[in-house]
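Labels below follow one simple rule: chain letters A, B, ... track the order of the sequence lines, proteins then strands, and each chain is numbered from 1. Just the heavy atoms: all of them, side chains too, but no hydrogens, waters or symmetry mates, feed the values below. Values in this document were obtained by computation on a predicted structure and should not be read as measured data.
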2 protein chains.
Amino acid sequence: MDNQNISDLIETYLKQILERNEKIEIRRAEMADQFHCVPSQINYVIKTRFTIPKGYVVESKRGGGGYIRIIKIKLSNDTDILSEMENLVGDRVSQDDAFAIIQQLYENEVLSKREGNLILSVLSKQILQMDLIYDEEQLRARLLQAFLERLGYEEAE
Amino acid sequence: MDNQNISDLIETYLKQILERNEKIEIRRAEMADQFHCVPSQINYVIKTRFTIPKGYVVESKRGGGGYIRIIKIKLSNDTDILSEMENLVGDRVSQDDAFAIIQQLYENEVLSKREGNLILSVLSKQILQMDLIYDEEQLRARLLQAFLERLGYEEAE
DNA sequence: GCTCATTGACTATCTTTGACCTTCATTATA
DNA sequence: TATAATGAAGGTCAAAGATAGTCAATGAGC
């Protein structure tokens, strides 16, 4: 409930702003000051919470007048979304990224909540990390690709 | 009810809170302190008393700001047919049998057509029979079991 | 003797921190 | 004016810290 760590606080703060704005531009040192943490923690937050599968693009510039810019990606029609996600998945995908992708599909109403949960139930580490005989991330990618392809058919009908 | 073992006390304590709340979030070490036991006993209690058939799902996170979250769920009305199917699946299942099982669930209105097709898309020989390194039927069973378990409940409102 | 409960050593995962590196703009200097 | 020095950002990475998970040995109560 409120055993929030600093990274979560920073994440929440930024996402709050991004709900009202297409993008946000920050100065790393300032952020770090504001949240009483070291600058590299800002990088950590960005790297773990503002990834492309989660729907964000990040640009930055060093030197005088440097900045970090976080942009919320807006996806267009369902077909585009699906093929975009297929690209993201590729032939290996982590649990985090897979979950983020399903979340995106849900938010864009490509999937119902129930469908999303069904898919997720099978992509979890717990299920796929069985024996070390096969590559977990590769298998997850194969399954997720199959789901995405199927959703593409649905779309076409 | 008042067997004085610690595990029962912890269970009672948590369930008392869950009667008033949809979910509860604890810190394992804190709980352990509070009940004067070792941290892993909390895991034991959760594993034996907060299972899905008993109406709970558990999520957790490690590291700084870590937590264990217990969520009350609503069990579906179809648990009978679902557990029957789980028995049928066992730990290995052929494509044909898996398809027949999904068909059954569809006919019994446990699944929509779309949900059934989504599930099937991932249980096919084509998808699972990739490398011959692992046992295809075993993997299929694992995936199908995960689906069946997930179909057994919904999040309460 | 069985089953369930308790413990603790070891493991896995996530966060925080800091030392060191790279890039860019501005200013000083030959 | 071209270039070198300086300072001001942001980037990387690995170690240390903070939690939770697993598992097998041991204990307690039928």
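Protein atom NZ of B/Lys47 is 17 Å distant from nucleotide atom P of C/dT7, rounded to whole Å. If you measure from atom CZ of B/Arg28 to atom P of C/dG8, you get 13 Å, rounded to the nearest angstrom. For the pair A/Ile10 CD1 and C/dT16 P, the interatomic distance rounds to 8 Å; values are reported in whole Å. Atom P of nucleotide D/dA9 and atom CG of A/Asp33 are separated by 11 Å, given to the nearest angstrom. Rounding to whole angstrom units, CZ of residue B/Arg69 and C1' of D/dG21 are separated by 17 Å. Rounded to an integer number of Å, the gap from A/Gln4 CD to C/dT16 C1' is 16 Å. Atoms CD1 (A/Ile46) and C1' (D/dT12) sit 14 Å apart, rounded to a whole Å. Computed from coordinates, the A/Gln126 CD to D/dA20 P distance equals 18 Å when rounded to whole Å.
Applying the 4.5 Å side-chain rule to ILVMFWY residues, one finds A/Ile6, A/Leu9, A/Ile10, A/Tyr13, A/Leu14, A/Leu18, A/Ile24, A/Ile26, A/Met31, A/Phe35, A/Ile42, A/Val45, A/Ile46, A/Phe50, A/Tyr56, A/Val58, A/Ile68, A/Ile70 in the same cluster as A/Ile17. Side-chain heavy-atom separations under 4.5 angstrom define the hydrophobic clusters, and the remaining members of the one that includes B/Ile52 are B/Val57, B/Ile71, B/Ile73, B/Leu75, B/Tyr153.
With salt bridges taken as basic N to acidic carboxylate O contacts below 4.0 Å, none links B/Lys72 and B/Glu22. Using a cut-off of 4.0 Å between Lys/Arg side-chain N and Asp/Glu carboxylate O, A/Glu136 and A/Arg140 are scored as salt-bridged.
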Give the B/S/- string for nucleotides 25-30 of chain D, one per nucleotide from 5' to 3', where a protein heavy atom under 4.0 Å of the base yields B, of only the sugar-phosphate yields S, and otherwise -.
------

Tell me, for nucleotides 10-15 of chain C in 5' to 3' order, what letter each nucleotide earns: B for a base near a protein heavy atom under 4.0 Å, S for only sugar-phosphate near one, - for neither?
--BBBB

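Listed by chain and number, the residues in a salt bridge (Lys or Arg N to Asp or Glu O under 4.0 Å) with B/Arg92 are B/Asp135, B/Glu137 (sequence neighbours excluded). Annotation: salt bridge (Lys or Arg N to Asp or Glu O under 4.0 Å) contacts of B/Lys61 (sequence neighbours excluded): A/Asp8.
In summary, the side chains of B/Gln103 and B/Glu107 do present a donor paired with an acceptor at a separation below 3.5 Å, with no hydrogens or angles considered. Defined by atom type and a distance below 3.5 Å, a donor-acceptor pair is present between the side-chain atoms of A/Gln41 and A/Ser7.
Listed pair B/Arg27 / D/dT19 meets the phosphate criterion, a side-chain N or O lying under 4.0 Å from OP1 or OP2.
Side-chain atoms of A/Ser60 stay outside donor-acceptor range of the base of D/dG10, with no qualifying N/O pair under 3.5 Å. Residue-to-nucleotide contacts include no donor-acceptor pair under 3.5 Å from the side chain of B/Ser40 to the base of D/dG21.
To the nearest 0.5 angstrom, A/Glu11 atom CD is 9.0 Å from A/Asn5 atom CG.
Of all nucleotides listed (D/dG10, C/dG18, D/dT22), D/dG10 comes nearest to the side chain of A/Ala29.
Within the nucleic acid shown, A/Ile68 comes within 4.0 Å of sugar-phosphate atoms alone, with no base atom in reach, counting heavy atoms only.
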